[in-house]
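Worksheet: the structure to be examined is printed underneath.
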Protein chains: 2
Amino acid sequence: MRLLPHPATEDIELTEVLRALSDPVRLEIVVRLALSGVMNCGEAGDDLGVHKSTASHHYRTLREAGVVITKQEGRLKFMSLRRDDLESRFPGLLDSVLSAAGIPSPALIPSADVPAPR
Amino acid sequence: MRLLPHPATEDIELTEVLRALSDPVRLEIVVRLALSGVMNCGEAGDDLGVHKSTASHHYRTLREAGVVITKQEGRLKFMSLRRDDLESRFPGLLDSVLSAAGIPSPALIPSADVPAPR
DNA sequence: CGTATAGTTGGATTGTTGTCAAACAATAGA
DNA sequence: TCTATTGTTTGACAACAATCCAACTATACG
């Protein structure tokens, strides 16, 4: 199981997080992750209306901004929100964005930085 | 005194607000407004390190995204954050961004959608 | 080993954005 | 009315971003 490169918590930049969240496609991915906890890229990108390579580009943007973490298991890559990291770096930010994006109540889904074992 | 065109509260889009806040120059302008309540464009753009026309472009972006409101009095234009509007549309969002941007405690400055009379 | 699956990468295209400089508009005050 | 002040608009330009398609990599499974 490999962990893809991503910024350390203290290196997450506010403007980069906001920029990552400011794209409708990426915001939708983030909403799905918030609702599901963990998703592989195929699930996360399903019915997004964009080519899979475009979705892959968005995964990378989210990862490099520090919004998601990605772990590979077999031929699947599991993504999850870096809820705890974001909360410690920018308290309340992710929850308010998720709430604004229409998620009923924030933090319904427990932090799941580690994907469930296969 | 004229009010420049800006979106109605219910037309403010989350992704546009996030995009407006995702530029370091614009975020700095927003931080200054949060600390000062009301500023004219000259004050807001002072020492930003960009040309005044660039700053003017950023004012427009912030206004069209629904983040600030601008009112003209004489030859000055006064900008202020749309705190109440943003709070009602996206509760907690602006405060968490301002807090993340290093403002000591959010909501220290009372909402000031209307510039102080000259 | 061959094939299917899952996702990434590179190229091409199209459109957007941040920036400056110069010209412009509007207002206040002399 | 002339001039200084305040900010906007326009044009130009380079950098970036979103997208698709095709080719590629890596893993799992027959």
Side-chain angles (χ1 to χ4, degrees), chain A residues 1-6 13 15-30 32-33 38-65 67-80 115 117-118, chain B residues 1-6 13 15-30 32-33 38-65 67-80 115 117-118:
Chain A
M1 197 214 22
R2 280 175 308 171
L3 193 59
L4 270 64
H6 60 286
E13 294 277 349
T15 52
E16 291 186 23
V17 170
L18 295 174
R19 192 181 52 78
L21 297 175
S22 73
D23 180 272
V25 172
R26 285 193 294 264
L27 186 58
E28 172 63 26
I29 294 170
V30 167
R32 293 182 183 190
L33 288 174
V38 186
M39 301 180 88
N40 65 53
C41 294
E43 293 173 302
D46 200 37
D47 293 323
L48 275 182
V50 295
H51 196 276
K52 66 171 183 172
S53 65
T54 302
S56 181
H57 160 71
H58 286 311
Y59 304 150
R60 179 179 184 169
T61 300
L62 288 170
R63 180 165 46 81
E64 290 181 345
V67 176
V68 305
I69 197 170
T70 307
K71 291 179 182 179
Q72 181 159 2
E73 279 192 59
R75 58 184 154 180
L76 296 181
K77 291 190 179 178
F78 290 94
M79 275 187 302
S80 57
R118 183 167 41 94
Chain B
M1 197 218 15
R2 279 175 308 171
L3 192 59
L4 270 64
H6 60 286
E13 294 278 349
T15 52
E16 291 186 22
V17 170
L18 294 174
R19 193 181 53 77
L21 297 175
S22 72
D23 180 90
V25 172
R26 285 193 294 264
L27 186 58
E28 172 63 26
I29 294 170
V30 167
R32 292 182 182 189
L33 288 174
V38 186
M39 301 180 89
N40 65 53
C41 294
E43 293 174 303
D46 200 37
D47 293 323
L48 275 182
V50 296
H51 196 276
K52 67 171 182 173
S53 65
T54 302
S56 181
H57 160 71
H58 287 311
Y59 304 149
R60 179 179 185 170
T61 300
L62 288 169
R63 178 165 45 82
E64 291 181 345
V67 176
V68 305
I69 197 171
T70 306
K71 292 178 181 179
Q72 181 158 3
E73 278 191 60
R75 58 183 155 179
L76 296 180
K77 291 190 178 177
F78 290 94
M79 275 187 301
S80 57
R118 183 166 42 93

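Residue numbers begin at 1 in each chain, while the letters A, B, ... track the order of the sequences. As the structure is a computational prediction, the values presented were derived from the model and not from experiment.
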Quick check for you: among D/dC29, C/dA28, D/dT8, whose closest atom lies nearest to any side-chain atom of B/Ser56?
D/dT8
Whole Å only: how far is the [atom1] atom of [X] from the [atom2] atom of [N]?
X	N	atom1	atom2	value
A/Phe78	C/dA6	CZ	P	11 Å
B/Asp46	D/dT6	CG	C1'	13 Å
B/Glu73	C/dA26	CD	P	19 Å
B/Tyr59	D/dG7	OH	C1'	9 Å
A/Leu21	D/dA18	CG	P	12 Å
A/Met79	C/dA6	CE	C1'	12 Å

Just N and O in the side chain of A/Asn40: are any of them under 4.0 Å from OP1 or OP2 of C/dG7?
yes
Side-chain N or O of B/Arg60 closer than 4.0 Å to phosphate OP1/OP2 of D/dG7:
no
Student check: side-chain heavy atoms of [X] and [Y] closer than 4.5 Å:
X	Y	value
B/Tyr59	B/Val68	no
B/Ser80	B/Lys71	no
B/Gln72	B/Lys77	yes
B/Thr70	B/His6	no

Base contacts versus sugar-phosphate-only contacts with protein, heavy atoms under 4.0 Å: please encode nucleotides 16-25 of chain C as B, S and - from 5' to 3'.
-SSBBBB---
With rounding to the nearest 0.5 angstrom, report the CG to CG distance, A/Leu33 to A/Leu62.
8.0 Å
Between B/Thr15 and A/Ser22, what is the shortest heavy-atom contact and its length?
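That would be CB-O, 3.3 Å.
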